[in-house]
J.: 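Mind looking over this structure? Questions follow.
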Amino acid sequence: MKKFIAEFKEFALKGNVMDMAIGVIIGGAFASIISALTDNIINPIIGCFTTGGLEGWTVTIWKAELGIGAFIMAIINFIILAFVLFLMLKGMNKLLNARKKEEAAEEEAAEPSAEEQLLTEIRDLLKNKN
């Protein structure tokens, strides 16, 4: 049981889990922002061209009233949210790649190549010989 608790503690405190938790919270905040955008800006603009905006678009089949407009607005919300998250992820990946390139350049500069190491060894051997 102690091993299980230790493994869970290690898992829960890893950076990936914390990053995921932060991502979920930010995603929820973005979802409310996008909903506000579509409900308060996009839907009224569309409402200028239709009566009642998209929310008013319904289809009645027998006694059931289907909210086609609300469904379309949910799709628009999803597309906007997915696009914003795509742009954020693309920007983060660009920053991470730039950072990795800098680290690789520093690592290459710090370590001498195999040829330089061999030449250094030869030089040291020649110094010790004389």
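These values consider heavy atoms only, across backbone and side chains, with no hydrogens, waters or symmetry-generated copies.
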J.: Identify, with sequence neighbours excluded, every residue that meets side chain to side chain contact (heavy atoms under 4.5 Å, CB included) alongside Ile41.
T.: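 With sequence neighbours excluded, Ile41 shows a side chain to side chain contact (heavy atoms under 4.5 Å, CB included) to Leu37, Ile45, given in chain and number order.
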J.: Once side chain to side chain contact (heavy atoms under 4.5 Å, CB included) is applied, do any residues pair with Ile122, and if so which ones, sequence neighbours excluded?
T.: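 Checked Ile122 against side chain to side chain contact (heavy atoms under 4.5 Å, CB included); matches are Leu118, Leu126.
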J.: Using the test side chain to side chain contact (heavy atoms under 4.5 Å, CB included), find all partners of Ile25 that sit at least two apart in sequence or belong to another chain.
T.: none
J.: Tell me, please, which residues at least two apart from Ile79 pass side chain to side chain contact (heavy atoms under 4.5 Å, CB included).
T.: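 Only Ile75 meet the side chain to side chain contact (heavy atoms under 4.5 Å, CB included) criterion with Ile79.
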J.: When Ile, Leu, Val, Met, Phe, Trp and Tyr are grouped by side-chain heavy atoms lying under 4.5 Å apart, directly or through other members, which residues fall in the same group as Val24?
T.: none
J.: Each residue besides Phe83 in its hydrophobic cluster should be listed here, by chain and number; the cluster joins Ile, Leu, Val, Met, Phe, Trp and Tyr at side-chain heavy-atom distances under 4.5 Å.
T.: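 For the cluster that includes Phe83, the remaining residues are Phe86, Leu87.
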J.: Please walk me through it: do Val59 and Ile61 pass side-chain contact (heavy atoms from CB on, under 4.5 Å)?
T.: CA-CA 6 Å; Val59 174; Ile61 300 177; 4.2 Å; yes
J.: With rounding to the nearest 0.5 angstrom, report the CD1 to CD1 distance, Ile33 to Ile80.
T.: 12.5 Å
J.: Considering only residues two or more places apart or on different chains, which pairs with a residue in residues 113-123 satisfy salt bridge (Lys or Arg N to Asp or Glu O under 4.0 Å)?
T.: none
J.: Any chance you could lay out the side-chain contact (heavy atoms from CB on, under 4.5 Å) test for Thr60 and Leu66, step after step, and finish with the verdict?
T.: CA-CA 6 Å; Thr60 304; Leu66 305 175; over 6 Å; no
J.: If two hydrophobic side chains count as joined below 4.5 Å and joins carry through other members, does Met73 share a cluster with Val84?
T.: yes
